[in-house]
2 protein chains.
Amino acid sequence: MGDDRPEPDVGMLTGTFMRAVQDELFETLAEQGHPDVRPRHGSVLAFLDRDGTRATELSQRSGQHKQIIGTIVDELVQLAYVTREPDPRDRRAKLVVPTAHGLDEISRARAILAAIERRHEQAFGAEEYTSFKAALQRITRLQRQWRDHRGTQPRE
Amino acid sequence: MGDDRPEPDVGMLTGTFMRAVQDELFETLAEQGHPDVRPRHGSVLAFLDRDGTRATELSQRSGQHKQIIGTIVDELVQLAYVTREPDPRDRRAKLVVPTAHGLDEISRARAILAAIERRHEQAFGAEEYTSFKAALQRITRLQRQWRDHRGTQPRE
DNA sequence: CCGTGATAGTCAAGCTTCGTGACTAATTTG
DNA sequence: CAAATTAGTCACGAAGCTTGACTATCACGG
């Protein structure tokens, strides 16, 4: 399945970039003792506080439905990355708390992503990479509000 | 589902950007007479030549499995975006050929994406946006070859 | 104090997308 | 002309997400 043309548009381009980062992250994690974490688990692990976080809070931070967070936490409990603890302030709620294994995954994932960025920085030069990243953040913030600009651009 | 923190890493950041572009593209297409095209259809429509393209070729260009391309073409035939024509040079092969409706979708999609980029360009300034896009292409090309750099980065 | 409405988490069913392996027909190779 | 390749399809299953409904608990106003 090999050839792959230059990406036709910005959407596909960023999709390809994202997939490439994901591939490196999860294959490297697999080599470092975490072969069972998958991208979707990031919706929990990437947003987890050291002292535990509620599922609803994780849902809001990640933008995923509560239902999804529930099943992800099920899997992560199974894999011994987190535990469910009762929340002392609210008997309905449960805190999702990372285990030692979970904390290890989190710090390794951050290290791998930092290494990726460091590589890009070295290839680009520090200032050019920094401004690229700033532009990406700004453009993302801009694009997320596209509905506000609806009539702004006249059509054809 | 509301709050959404600042994206924790580059992977998620680009993912958010891609999703935002996709949302604008397909909602706008829906308003312009194409309510049934979905993102996956892009693997065919975005890579289609005006005079037709083989499924295998589409598979290589898009990076999707032949099986996937087959089902996408099934759907697009159903929706009258393309037809399957026999390939005169090879009786095994069929050419996927866009209909007038298909060509309309393709040109509208390109126009919408161009409008998005124009908006970003206006917000950023032409030169800064151009260099951003060039950096994104370069960094994507770089990241796709991450396996080559494996031992390069010593690990803590 | 109590009832009404909101909130936390879960259960269940269904849909979309993708991956994998096997198979037929036609072509290319030697 | 036999053997290996290639184009397209069929069948099955696994992930991931969406939606709606339901139980237990909390918060607020009367």
Side-chain angles (χ1 to χ4, degrees), chain A residues 1-3 11-12 15-16 18-19 22-23 26 35-48 52-79 82-97, chain B residues 1-3 11-12 15-16 18-19 22-23 26 35-48 52-79 82-97:
Chain A
M1 194 172 328
D3 211 21
M12 295 214 180
T16 302
M18 188 197 66
R19 230 165 302 121
Q22 228 173 47
D23 287 349
F26 287 94
D36 295 324
V37 273
R38 280 166 296 159
R40 68 191 303 256
H41 298 146
S43 293
V44 168
L45 292 172
F47 295 100
L48 207 53
T53 311
R54 290 187 190 176
T56 297
E57 179 69 21
L58 292 171
S59 170
Q60 289 171 344
R61 291 183 189 175
S62 69
Q64 291 284 355
H65 289 180
K66 276 195 303 179
Q67 169 71 33
I68 308 287
I69 300 295
T71 63
I72 295 175
V73 172
D74 285 344
E75 293 176 12
L76 292 178
V77 167
Q78 188 69 25
L79 296 169
V82 302
T83 59
R84 277 192 237 252
E85 309 287 345
D87 186 336
R89 326 181 193 207
D90 190 335
R91 270 183 299 169
R92 295 171 298 179
K94 298 170 188 172
L95 286 175
V96 179
V97 183
Chain B
M1 191 166 330
D3 210 23
M12 296 216 180
T16 303
M18 188 197 65
R19 229 166 301 124
Q22 228 172 48
D23 288 349
F26 287 94
D36 294 324
V37 273
R38 281 167 295 160
R40 67 192 302 258
H41 297 146
S43 293
V44 167
L45 292 171
F47 296 99
L48 207 54
T53 311
R54 290 188 189 175
T56 298
E57 179 68 21
L58 292 170
S59 171
Q60 289 171 342
R61 291 183 189 174
S62 68
Q64 292 283 356
H65 289 180
K66 275 196 303 181
Q67 167 71 33
I68 309 286
I69 300 295
T71 64
I72 295 175
V73 172
D74 286 344
E75 291 176 14
L76 292 177
V77 168
Q78 188 70 23
L79 295 169
V82 301
T83 59
R84 276 190 237 252
E85 310 287 345
D87 186 336
R89 325 182 194 206
D90 189 335
R91 272 184 297 172
R92 293 170 301 179
K94 297 169 189 172
L95 286 175
V96 179
V97 183

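Throughout, protein chains are lettered first and strands after them, A, B, ... in sequence-line order, and every chain is numbered starting at 1. Note that the structure is a prediction, hence the values are computed from the model and not measured.
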**Q** Donor-acceptor pair, distance only, cut-off 3.5 Å: does the side chain of A/Ser59 make one with the backbone of A/Ala55?
**A**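 No; judged by distance alone, with no hydrogens or angles, the pair does not exist.
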**Q** Find the distance B/Arg40:CZ to C/dG19:P and express it as a whole number of Å.
**A** 11 Å
**Q** Rounded at 0.5 Å granularity, tell me how far CZ in B/Arg38 sits from CD in B/Gln22.
**A** 12.0 Å
**Q** Quick one: B/Asp90 CG to C/dT24 P, roughly how many Å, whole number?
**A**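 Rounded to the whole Å, the gap is 19 Å.
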**Q** How many whole angstroms separate atom CZ of A/Arg54 from atom P of D/dT25?
**A** 14 Å
**Q** Which is more 5' along DNA chain C, the nucleotide nearest A/Arg92 or the one nearest A/Gly70? Just name the residue.
**A**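 Checking each residue's closest nucleotide, the 5'-ward one belongs to A/Arg92.
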**Q** Answer yes or no: is there a side-chain heavy-atom contact under 4.5 Å between B/Gln64 and B/Phe47?
**A** no
**Q** Looking only at the side chain of A/Ile68 (C-beta and beyond, no hydrogens), which of the listed nucleotides C/dA26, D/dG8, D/dC17 gets closest?
**A**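 That would be D/dC17.
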**Q** Which whole-number value in Å describes the distance from A/His65 NE2 to C/dC11 P?
**A**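 Roughly 18 Å, once rounded to whole Å.
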**Q** Please report, rounded to the nearest Å, how far the P atom of C/dG9 is from the CD atom of A/Gln64.
**A** 16 Å
**Q** Can you find a heavy atom in the side chain of B/Glu75 that is under 4.5 Å from one in the side chain of B/Asp36?
**A**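 Counting from C-beta outward, B/Glu75 and B/Asp36 never come under 4.5 Å.
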**Q** Name the closest nucleotide to the A/Arg38 side chain, picking from C/dT27, D/dA15, D/dT25.
**A** D/dA15
**Q** OP1 or OP2 of D/dT6 versus the side-chain N and O atoms of B/Arg91: is any pair under 4.0 Å?
**A** no
**Q** Is a donor-acceptor contact shorter than 3.5 angstrom present between the side chain of B/Lys66 and the base of D/dG8?
**A** yes
**Q** Less than 4.0 angstrom between a side-chain N/O of A/Arg19 and OP1 or OP2 of C/dC18, yes or no?
**A** no
**Q** Closest to the B/Thr56 side chain: D/dG8, D/dA15, C/dT7?
**A**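 The answer is D/dG8, which lies nearest to the side chain.
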**Q** Do B/Gln67 side-chain and C/dA22 base share a donor-acceptor contact under 3.5 Å?
**A** no
**Q** To the nearest Å, give me how far apart CZ (A/Phe26) and C1' (D/dA15) are.
**A** 14 Å
**Q** Between A/Arg89 and A/Ser43, name the one whose nearest nucleotide on DNA chain D is closer to the 5' end.
**A** A/Ser43
**Q** Send over the distance from B/Asp87 CG to D/dA7 P, rounded to a whole Å.
**A**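 Computing the B/Asp87:CG to D/dA7:P distance gives 11 Å.
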**Q** Between atom CD in A/Gln60 and atom P in C/dT7, what is the gap in whole Å?
**A**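 One finds 10 Å between P of C/dT7 and CD of A/Gln60, rounded.
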**Q** Of the listed nucleotides (D/dT6, D/dG8, D/dG16), which one gets closest to any side-chain atom of B/Lys94?
**A** D/dG8
**Q** Taking for each residue the nucleotide of DNA chain D with the nearest heavy atom, is it B/Leu95 or A/His41 whose nucleotide lies nearer the 5' end?
**A**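 Per heavy-atom nearest nucleotide, the more 5' residue is B/Leu95.
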**Q** I'd like to know if the side chain of B/Arg84 and the backbone of B/Lys94 have a donor-acceptor N/O pair within less than 3.5 Å.
**A** no
